[in-house]
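What's counted below: heavy atoms across the whole structure, side chains too, no hydrogens, waters or symmetry copies.
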Amino acid sequence: MSNKRFLPIGKTELEVLHIVWELKEATVNDVLEQILKKRKVAYTTIMTVMKNLSGKGVLKYRKEGTTYVYSAKQSQQPEEVQGKLLSEILDKVFKGSPSALIQTLVKHENLSKEDREEIKKLIDGMED
């Protein structure tokens, strides 16, 4: 893993990244098609987002004719990216306090009883 500071990822970038992770590899049109099922967005917006994610080192691409085919960088697995994003949120928003993050999650999110029990089990399991 590189020591480079992880660049923050915006909401649309994260949406695109999830689609690429799901599809394994995708063109701008592939991603656009998925997002258009939920909301309107311009082709150029998705193209820019995918280029930005490549510039941030999260996606890589290869050219097939005139088409760019994007995939996740092998060193950047979904869990690793999520962990880095969460670490940045923890530092910037919660001043490094995991308990403040959990308190905010529990107080401000509509967690179901099952969600709360799963979180408790995860924490209890870490103590073993």
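- When each of Lys51, Arg62, Lys63 is paired with Tyr68, the side chain to side chain contact (heavy atoms under 4.5 Å, CB included) condition holds for Lys63 and for no other.
- In the hydrophobic cluster analysis, where Ile, Leu, Val, Met, Phe, Trp and Tyr join through side-chain heavy atoms closer than 4.5 angstrom, Tyr43 is grouped apart from Val69.
- For the pair Leu101/Leu86, a side-chain contact is recorded, criterion being any heavy-atom separation below 4.5 Å from C-beta on.
- One distance of note links NE2 of His108 with CD of Gln103; it measures 9.5 Å at 0.5 Å rounding.
- Rounded to the nearest 0.5 angstrom, Arg116 CZ and Lys121 NZ are separated by 13.5 Å.
- For Val20 against Ser71, the heavy-atom pair with the smallest separation is CG1-CA, 3.8 Å.
- Side-chain atoms of Asp30 come within 3.5 Å of backbone atoms of Thr27 as a donor-acceptor pair (strictly under, hydrogens ignored).
- In terms of heavy-atom proximity, Glu13 sits nearest to Leu53 at O-CD1, 3.6 Å.
- Enclosure of atom OH in Tyr61 is not indicated, since only 12 or fewer non-hydrogen atoms of other residues, nucleotides or ligands lie within 6.0 angstrom.
- Of all heavy-atom pairs between Ser54 and Tyr70, the closest is CB-CE2, 4.2 Å.
- Atom OG of residue Ser112 and atom CD of residue Glu117 lie 8.5 Å apart, to the nearest 0.5 angstrom.
- Annotation: the span from Leu85 atom CG to Leu90 atom CG amounts to 12.5 Å, rounded to 0.5 Å.
- Of the inter-residue distances, the one linking Glu22 atom CD with His18 atom NE2 reads 10.0 Å to the nearest 0.5 angstrom.
- Remark: of the listed residues Ile46, Thr45, Val58, Ile46 is the sole one forming a side chain to side chain contact (heavy atoms under 4.5 Å, CB included) with Val16.
- Remark: of the listed residues Leu32, Val28, Leu17, Val28 is the sole one forming a side chain to side chain contact (heavy atoms under 4.5 Å, CB included) with Met50.
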Exercise. Where do Glu15 and Arg39 land on the salt bridge (charged side-chain N to carboxylate O under 4.0 Å, His left out) test, with the steps shown first?
Worked result: CA-CA 12 Å; Glu15 181 181 21; Arg39 63 185 174 93; 2.4 Å; yes
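- Annotation: the span from Ile19 atom CD1 to Ile35 atom CD1 amounts to 4.0 Å, rounded to 0.5 Å.
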For this session: May I have the step-by-step check of side chain to side chain contact (heavy atoms under 4.5 Å, CB included) for Val93 and Thr104, ending in yes or no?
Result: CA-CA 11 Å; Val93 179; Thr104 302; over 6 Å; no
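- Minimum interatomic distance between Val106 and Leu111 (heavy atoms only, all atoms of both residues): CA-CD1, 3.8 Å.
- Using a 4.0 Å cut-off between a side-chain N of Lys or Arg and a carboxylate O of Asp or Glu, Lys60 and Glu25 do not qualify as a salt bridge.
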